[in-house]
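See below for the structure under consideration.
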Amino acid sequence: MPPALAQKHSYTIHDIYSLPEGKRAELIDGQIYDMAPPTRKHQRISGELFAIIREYINNKNGPCEVDIAPFAVFLNEDDVNYVEPDISVICDRNKLNDKGCSGAPDWIIEVVSPGSRRMDYFTKLFKYRTAGVREYWIVDPEKDRILVYNFDSEDTGDYTFSDRVKAGIYEDFYIDFSDIASLLDM
């Protein structure tokens, strides 16, 4: 008889909330993934994107809300999935509560760090799509690349930090990444 396969321990939101003060991690399908502190460049890109999106929403008096990490997203409204996307745009305010967002945001942006590359390009791409996120951007400053996945229309775009990129969830909203690159001296 073949040996039994080792069983992985399954974690829950309770385990995330029990982490030591200051330790950040995400929980995907019951598995905990530690998060390294972001770099200064990562924070500047996230901050600029947040400011640009917030200004657009405020100028349009739109119903959506934009949040920046650390911001809790309980993707499947269960106790085994908890992520902290760099940028989350939520248009259904019924999903928002004091703890964060319960359910899939409409638009998520992840800024890639060396330690998050595999998570952002593979694990989260699959998880966000299956959870019902409408649009997912992977912003990778090391590769000078912005990958845009519009799950509503099944479109994918590949851009650089010299391009203007259209947000699929809005008809008239573009982000000029050359402006962000110039602030970062890329």
Side-chain angles (χ1 to χ4, degrees), residues 22-28 31-59 64-73 75 81-90 100-101 104-131 133-170 172-186:
K23 181 170 174 70
R24 291 180 55 213
E26 293 179 305
L27 179 69
I28 298 179
Q31 296 304 301
I32 290 181
Y33 298 89
D34 292 328
M35 297 173 69
T39 64
R40 182 171 166 264
K41 181 185 251 184
H42 180 284
Q43 287 301 90
R44 294 203 57 210
I45 293 169
S46 294
E48 287 300 318
L49 289 169
F50 171 79
I52 291 165
I53 296 167
R54 183 184 61 196
E55 181 178 351
Y56 173 83
I57 291 170
N58 288 345
N59 288 341
C64 302
E65 174 177 308
V66 59
D67 291 286
I68 190 167
F71 176 74
V73 174
L75 269 179
N81 287 286
Y82 166 95
V83 292
E84 292 183 6
D86 292 310
I87 307 286
S88 301
V89 178
I90 302 101
C101 177
D106 293 271
W107 179 18
I108 288 178
I109 300 174
E110 293 284 7
V111 179
V112 177
S113 297
S116 73
R117 186 168 304 284
R118 182 167 175 71
M119 284 290 292
D120 294 338
Y121 277 97
F122 300 104
T123 307
K124 288 184 177 179
L125 171 63
F126 175 77
K127 195 65 189 173
Y128 292 160
R129 181 184 188 130
T130 59
V133 172
R134 294 172 53 202
E135 186 166 352
Y136 176 42
W137 290 17
I138 302 171
V139 177
D140 192 335
E142 295 299 315
K143 291 189 174 189
D144 183 30
R145 186 177 200 193
I146 299 97
L147 282 174
V148 174
Y149 294 92
N150 186 325
F151 300 131
D152 280 348
S153 64
E154 299 293 323
D155 288 336
T156 303
D158 194 350
Y159 304 92
T160 70
F161 273 80
S162 59
D163 292 325
R164 266 179 94 223
V165 181
K166 184 180 181 317
I169 69 166
Y170 296 109
D172 62 346
F173 182 42
Y174 294 82
I175 295 178
D176 190 340
F177 275 84
S178 65
D179 291 342
I180 294 171
S182 68
L183 293 171
L184 302 170
D185 297 320
M186 289 180 72

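- Remark: Glu48 pairs with no residue by the salt bridge (Lys or Arg N to Asp or Glu O under 4.0 Å) rule, at least two apart or across chains.
- Within the 3.5 Å criterion, the main-chain N or O of Glu55 finds no donor-acceptor partner in the side chain of Asn58.
- Among all heavy-atom pairs drawn from Asn81 and Lys127, the shortest one is OD1-CE, 3.1 Å.
- Looking at every heavy atom in both residues, Phe71 comes nearest to Ile90 through CE2-CD1, 3.9 Å.
- Residues Trp137 and Val165 are in side-chain contact: their nearest non-hydrogen atoms beyond the backbone lie under 4.5 Å apart.
- In this structure, Tyr128 and Leu75 have side chains that are in contact, with non-hydrogen atoms separated by less than 4.5 Å.
- Taking the six-membered ring for Trp and the full ring otherwise, Tyr170 and Tyr56 have centroids separated by under 6.0 Å.
- A side-chain hydrogen bond (donor to acceptor under 3.5 Å, both in side chains) with Arg145 holds for exactly one of Asp140, Asp158, Asp163; it is Asp158.
- No donor-acceptor pair closer than 3.5 Å links the side chain of Ser116 to the backbone N or O of Val112.
- Proximity of a side-chain donor or acceptor of Glu84 to a complementary backbone N or O of Glu26 within less than 3.5 Å is not detected.
- The heavy-atom pair separating Val73 from Pro85 by the smallest distance is CG2-CD, 3.7 Å.
- In this structure, Tyr33 and Met119 approach most closely via the heavy-atom pair CD2-SD, 3.7 Å.
- Taking the side-chain contact (heavy atoms from CB on, under 4.5 Å) definition, one finds that Ala25 meets it with Ile16, Leu19, Ile32, Asp34, sequence neighbours left out.
- Here Ile180 contributes atom CD1 and Ile175 contributes atom CD1; the two are 6.0 Å apart, rounded to the nearest 0.5 Å.
- In this structure, Phe177 and Leu49 have side chains that are in contact, with non-hydrogen atoms separated by less than 4.5 Å.
- Every residue meeting the salt bridge (Lys or Arg N to Asp or Glu O under 4.0 Å) condition with Asp106, not counting sequence neighbours, appears here in chain and number order: Arg134.
- Tyr149 has its side chain out of reach of Arg129: every pair of non-hydrogen atoms, C-beta onward, lies at least 4.5 Å apart.
- Across all their heavy atoms, Ala69 and Arg24 have their closest contact at CB-NH2, 4.1 Å.
- Thr160 places a side-chain N or O within 3.5 Å of a backbone atom of Ser162 that can act as its donor or acceptor partner.
- Cation-pi geometry between Lys41 and Phe161 is not satisfied (NZ or CZ under 6.0 Å from the ring centre, within 45° of the ring normal).
- Among all heavy-atom pairs drawn from Ile53 and Trp107, the shortest one is CD1-CH2, 3.8 Å.
- Side chain of Asp120 to backbone of Glu110: no donor-acceptor contact under 3.5 angstrom is found.
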